[in-house]
Amino acid sequence: MTFSEIITDWYHQNKRELPWRKTTDPYRIWLSEIMLQQTRVDQGLPYYLKFEKAYPTVFDLAHAPEEEILKLWQGLGYYSRARNLHYTAKEIAFERNGQFPSTYKELLKLKGVGDYTASAIASISFNEAAPVVDGNVYRVLARFFGVDTPINSTKGIKYFKQLAGELIDRDKPAAFNQGIMEFGSIQCRPKSPKCSECPLNSSCVALRDQLVDQLPVKIKNTRLKHRYFNYLIVQNEQETLLFQRKKKDIWQHLYEFPLIESDKILEEKDIIQHPEFRKLVGKNPFELSRYNKEAVIHKLSHQHIHTTFWTVTLEDHIKGGIPKAEVKAYPVPVLIANFVREYEF
DNA sequence: AATACGGGGGA
DNA sequence: TCCCCAGTATT
């Protein structure tokens with residue numbers, strides 16, 4: 001049996017039943033692939049079901065407000081995916097009459113659709129023999145062929161893509177592509193892969209040479225950055241204040257309380273004299289109180305956000321304020337959602 | 001070629 | 001803790 005035969009056979013015997021595997025509709029395939037970028041199936045699945053229900057067609061998605069889409073996306077991370085999803089839905093719906101491109105080359109032009117996703121849609125929806133190379137595929141190929149070229153180097157990316165292109169079953173690209181990914185996820189998993197019961201174990205180079213736990217090789221960089229956030233819960237009896245994040249930074253287009261970012265933890269006196277605080281409070285009487293004694297550390301992949309929430313209670317009407325009860329309807333980062341849930345306006 | 005971009009799960 | 005996840009866009 002060839003490599004691709006073993007993979008596709010394994011797939012047909014071991015594949016999980018997942019909602020996007022019951023269709024080849026490019027809209028559903030596209031939606032699932034965007035959601036699963038850098039996201040575990042278990043984490044993405046409930047979001048996929050929500051979106052499928054809320055937006056059965058690309059037209060429904062195109063007509064929705066971005067804010068509504070971001071709200072449904074809340075908690076899934078990498079929010080540019082949601083913004084690009086909306087952008088591309090509008091393009092498909094309004095400029096292409098609802099028709100997705102049907103080739104790898106054309107799919108690649110869509111915003112938010114890169115090499116992997118274009119290949120996935122082309123193969124699954126249109127039977128094009130375009131090889132997918134995701135984290136699972138890198139692992140399977142690096143181990144089976146004993147390749148130690150870093151998977152995130154230019155050379156490695158090119159090499160593994162070519163290798164996958166040589167291995168793909170040109171008659172059944174959809175089964176092969178999904179098969180090798182599923183195989184990498186379940187059989188050739190990162191930690192404690194199931195080599196003793198693996199259909200490829202008789203010819204796996206990494207297993208033979210005891211390199212399974214050293215492959216694939218990945219160049220790791222980007223060290224941890226620390227940031228210090230002070231959120232001001234400006235409030236009176238009925239209202240509070242929320243701003244949308246506009247800058248090119250984390251959480252773009254999500255909402256948050258007025259923020260003072262600093263390079264260290266701030267004291268009450270630092271807050272009171274801060275220009276942003278003065279701008280919000282003006283000459284009005286206020287009561288300032290630190291909500292959490294210890295900073296809440298919100299951990300992202302490459303930064304830790306040390307967060308202090310301050311309540312700023314006013315008597316007056318709050319300019320631009322919104323009813324406290326409506327806070328829960330806005331798309332917010334998990335950091336803010338956690339606070340809102342605990343604080344209960 | 002490097003960096004930015006979330007959040008959660010597993011060991 | 002560290003690593004990884006059905007990666008892409010930007011610098």
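Sequence lines set the chain letters: A, B, ... in the order given, protein chains first and strands last, and positions in each chain run from 1.
For A/R21 and A/E182, the salt-bridge test passes: some basic side-chain N is under 4.0 Å from an acidic carboxylate O. At a threshold of 4.0 Å, the pair A/D249-A/R227 counts as salt-bridged, since one of the basic side-chain nitrogens sits closer than that to a carboxylate oxygen. Salt-bridge annotation for A/R290 and A/E268: absent, with no side-chain N of the basic residue lying under 4.0 Å from a carboxylate O of the acidic one. Under the 4.0 Å criterion applied to side-chain N and carboxylate O atoms, A/K324 and A/E239 are not assigned as salt-bridge partners. Taking a cutoff of 4.0 Å between a charged side-chain nitrogen and a carboxylate oxygen, A/E91 and A/R96 do not qualify as a salt bridge.
Contacts classified as salt bridge (Lys or Arg N to Asp or Glu O under 4.0 Å) and involving residues 30-53 of chain A (residues at least two apart or in different chains) are given here: A/R28-A/E52.
Contacts between residues 64-86 of chain A and DNA chain C, defined by a heavy-atom separation under 4.0 Å, are absent. Using a 4.0 Å cutoff on non-hydrogen atoms, the parts of residues 330-345 of chain A near DNA chain B are A/P333, A/V334, ordered by number. Residues from residues 296-310 of chain A lying near DNA chain B, meaning a heavy-atom separation below 4.0 Å, are A/H298, A/L300, A/S301, A/Q303 in numerical order. Annotation: proximity of residues 159-188 of chain A to DNA chain C (heavy atom, distance under 4.0 Å) is found for A/M181, numbered in ascending order. Scanning residues 9-37 of chain A for heavy-atom distances under 4.0 Å to DNA chain C yields A/W20, A/R21, A/E33, A/L36, A/Q37. Residues of residues 134-152 of chain A having a heavy atom closer than 4.0 Å to DNA chain C, listed by number: A/D134, A/G135, A/N136, A/R139.
Relative ring orientation between A/F160 and A/Y138 is described as perpendicular, the plane-to-plane angle rising above 60° on a 0-90° scale split at 30° and 60°.
Here the two rings, on A/W20 and A/Y48, have centers that are under 6.0 Å apart. Close placement of the A/F100 and A/W30 rings is indicated, their centers lying within 6.0 Å of each other. Here A/H304 and A/H298 keep their ring centres 6.0 angstrom or further from each other.
In this structure, A/L224 places its CG atom 15 Å from C1' of B/dT3, rounding to the nearest Å. One can place NZ of A/K225 at 11 Å from C1' of B/dT3, the figure rounded to the nearest angstrom. Computed from coordinates, the A/I250 CD1 to B/dT3 P distance equals 18 Å when rounded to whole Å. What separates CG of A/L108 from P of C/dT8 is a distance of 9 Å, to the nearest Å. A straight line from OH of A/Y104 to P of C/dG7 spans 15 Å, rounded to a whole angstrom. Taking atom CH2 of A/W251 as the reference point, atom C1' of B/dC5 lies 12 Å away to the nearest angstrom. Distance CD (A/Q38) to P (C/dC3): 15 Å, rounded to an integer number of Å. Going from atom CG of A/D249 over to atom C1' of C/dT11 covers 15 Å, rounded to whole Å.
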Expected list for residues 280-289 of chain A: side-chain donor-acceptor pairs under 3.5 angstrom, two or more places apart:
unit_1	atom_1	unit_2	atom_2	d
A/N284	ND2	A/V281	O	3.1

Which side-chain N or O atoms in residues 64-71 of chain A pair as donor and acceptor under 3.5 Å with protein atoms at least two apart or in another chain?
unit_1	atom_1	unit_2	atom_2	d
A/E66	OE2	A/H253	ND1	2.6
A/E67	OE1	A/Y255	OH	2.8
A/E68	OE2	A/Y55	OH	2.7
A/K71	NZ	A/Q74	OE1	2.9
A/K71	NZ	A/K328	O	2.9
A/K71	NZ	A/Y330	O	2.8

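Applying the 6.0 Å contact sphere to CZ of A/R170 captures no more than 12 heavy atoms from other residues, nucleotides or ligands.
If you check every strand for non-hydrogen atoms under 4.0 Å, A/V132 touches nothing.
With hydrogens and angles left out, the side chain of A/T39 and the base of C/dG7 share no donor-acceptor pair within 3.5 Å.
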Enumerate the protein-to-nucleotides 9-11 of chain B contacts in which both atoms are nitrogen or oxygen and the separation is below 3.5 Å.
unit_1	atom_1	unit_2	atom_2	d
B/dG9	O4'	A/R40	NH1	3.2

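Here the separation of B/dG8 from C/dA9, taken at their C1' atoms, is 23 Å to the nearest Å.
For A/Y159, the ring pair (Phe, Tyr, Trp, His ring centres under 6.0 Å) criterion is met by no residue, not counting sequence neighbours.
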Completion exercise
Base-pair string, DNA chain B, Watson-Crick plus G-U, cut-off 3.5 Å on both distances, | for inter-strand, is |||||.|||||
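Remark: A/K111 is positioned above the aromatic ring of A/Y87, its terminal NZ or CZ atom under 6.0 angstrom from the ring centre and at most 45 degrees off the axis.
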